[in-house]
Amino acid sequence: MKIDKAIPYGTQDITQQDIDAVIAVLHSKFLTQGPLVKEFEEKFAAYVGSSYAVAVTNGTAALHLSAMALGVNADSKVITTPITFSASANCIRYCGGEVVFADIDPETALLDINNVRAILEEHPKGTFSGIIPVDFAGYPVDMAAFRALADEHGLWILEDSCHAPGAYFTDKNNTKHFCGDGSLADLAIFSFHPVKHIATGEGGMITTNSEAQYKKLLKYRSHGMVYQGNSDLIENHGGWYMEMQELGYNYRLSDINAALGVSQLSRAQLGLQRRHEIAKRYDTAFAGTAIKTIPVKENVYHGLHLYIIQVENRKGLYDYLRANNIFAQVHYVPVHLMPYYQSLGSKKGDMPVAEKYYDHCLSIPMYPTLTDDEQVYVIEKILNFYN
Ligand SMILES: *Cc1c(COP(=O)(O)O)cnc(C)c1O
């Protein structure tokens, strides 16, 4: 079979409905934050099952504001995984805190709770302030277990759910916990970068069930200001009056982006179903071959942002796929090995499981508009390489 266009590992799906929704905003009164941001927040909160959602400019801003709301400062030490996008760790540095990496579970590639527990127990209580687990590739973290551990040590949890809108796990009592539903983690964040499930250009969201955190986040999102109509105003000089109560930022999302988000969100469930079809075909094709895939536990509904294989001669396969117009990607270069984190004291050998995982992992094409023919072509090329 011949494929004449490049096949990426992930990409957005923009329909005429999306385009019309964006154009309608350009004809409206609001270009910056307006009614569509509110609608996007309400619909997104309903989608993941949280009480509140706060839209922001991107996932990184969502992490930054979350770290602020959780009180991260120069005295904070926060534990996270090295197998994530750097921003999951960087948000701690934005607030002056220290990032402590814990290794991953070799089965799931998620933050290893046993390693986290060991680190906590090696230090006096009160050393750490929080944990940032990541629903890496779309695999929901066992947040019930992390919540129990966090409570034992008085820690908060910020869940990086960028890969997992719509994913969930079922706990021992048969209760479903959607990623970012606010039931177990204190705050969760999402990104709407085009490679993620829902694209808004740039965009991000913070979800929580805490009203107090929700109010803080609204304030931090817009300069630390409180506006007319808000009962939290300390003084009120008249209709013009607004009050900057704390140091905040301008991390507001525009209605242009939010309109795209609302439209995309209406198809998110379908996209997730399609991702599951694609994963099933990969699973079947690679079963019994040298290509290892990540097994998914029975109680888990995977978000499938990424489909990751683990192989020998990963670079050889990567280059071969590229020569055949398939643009696979590696997720991720371990964050603790980034020169910036090495300059803060991390080094090779610190996270042996993550480093070994990094040597073998490859994300192959996974997105709803990948056609059956394209997928067959991808599978054929991968199997060819090893034959
Ligand atoms: C994409 C991503 C982010 C950052 O999101 P942006 O919207 O690109 O700022 C953070 N964490 C993870 C795990 C991501 O995949």
Side-chain angles (χ1 to χ4, degrees), residues 8-12 37 40 44 48 53-68 72 78-95 99 101-102 104 108-111 130-141 143 157-167 179-180 185 187-207 221 249-254 257-258 260-261 264-265 275 294 302-308 329-336 338 340-341 354 357-358 361 363 366-367:
Y9 79 90
T11 189
Q12 71 270 24
V37 167
F40 187 33
F44 192 82
V48 302
V54 178
V56 292
T57 38
N58 54 52
T60 304
L63 283 161
H64 185 191
L65 292 192
S66 297
M68 280 174 73
V72 176
V78 178
I79 300 175
T80 192
T81 168
I83 298 298
T84 185
F85 185 60
S86 304
S88 315
N90 296 350
C91 64
I92 301 309
R93 300 293 307 133
Y94 297 156
C95 299
V99 180
F101 294 101
I104 60 166
T108 58
L110 301 176
L111 182 62
I131 312 175
I132 306 182
V134 178
D135 301 310
F136 171 64
Y139 198 131
V141 166
M143 204 52 78
I157 300 177
L158 166 55
E159 180 177 13
D160 184 334
S161 298
C162 285
H163 298 179
C179 296
L187 299 177
I189 68 102
F190 296 86
S191 161
F192 308 121
H193 180 283
V195 296
K196 312 287 163 75
H197 291 61
I198 296 161
T200 64
E202 295 280 353
M205 195 75 84
I206 308 162
T207 59
R221 171 175 71 181
Y249 295 86
N250 178 356
Y251 282 166
R252 295 185 307 259
L253 189 70
S254 81
N257 302 94
L260 187 51
Q264 290 257 310
L265 184 57
R275 286 173 190 271
I294 294 175
H302 204 293
L304 288 170
H305 163 54
L306 302 173
Y307 190 93
I308 294 167
Q329 183 55 292
V330 169
H331 295 93
Y332 288 97
V333 178
V335 183
H336 73 287
M338 290 293 180
Y340 172 74
Y341 283 100
Y357 163 83
Y358 167 59
C361 66
S363 305
M366 167 55 80
Y367 50 92

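In each ligand, atom 1 is the first atom listed, and ligand 1 is the first ligand listed. Because the structure is predicted, anything quoted here is derived from the model rather than measured. The figures here come from the full heavy-atom set of this structure, side chains too, leaving out hydrogens, waters and symmetry mates.
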Check the orientation of Phe136 and Tyr332. Use parallel for under 30°, tilted for 30 to 60°, and perpendicular for over 60°. tilted

Mind listing the closest non-hydrogen atom pair of Ile132 and Val78 along with its distance? CG1-CG1, 3.8 Å

For the pair His305 and His163, name the ring-plane relationship: parallel under 30°, tilted 30 to 60°, perpendicular over 60°. tilted

Check whether any side-chain heavy atom of Glu202 sits under 4.5 Å from a side-chain heavy atom of Asn58, and report yes or no. yes

Are any non-hydrogen side-chain atoms of Ser161 and Ile189 less than 4.5 angstrom apart? no

Relative to the ring of Phe44, is the ring of Phe40 parallel (under 30°), tilted (30 to 60°) or perpendicular (over 60°)? perpendicular

Return a table of N or O atom pairs, ligand 1 on one side and protein on the other, at distances under 3.5 Å, rounded to 0.1 Å.
from     : atom 1 : to     : atom 2 : distance (Å)
ligand 1 : 5 (O)  : Ser191 : OG     : 3.3
ligand 1 : 7 (O)  : Gly59  : N      : 2.7
ligand 1 : 7 (O)  : Ser191 : OG     : 2.7
ligand 1 : 9 (O)  : Gly59  : N      : 3.3
ligand 1 : 9 (O)  : Thr60  : N      : 2.8
ligand 1 : 9 (O)  : Thr60  : OG1    : 2.6
ligand 1 : 11 (N) : Asp160 : OD2    : 2.7
ligand 1 : 15 (O) : His163 : NE2    : 2.7
ligand 1 : 15 (O) : Lys196 : NZ     : 2.9
ligand 1 : 15 (O) : Tyr332 : OH     : 3.4

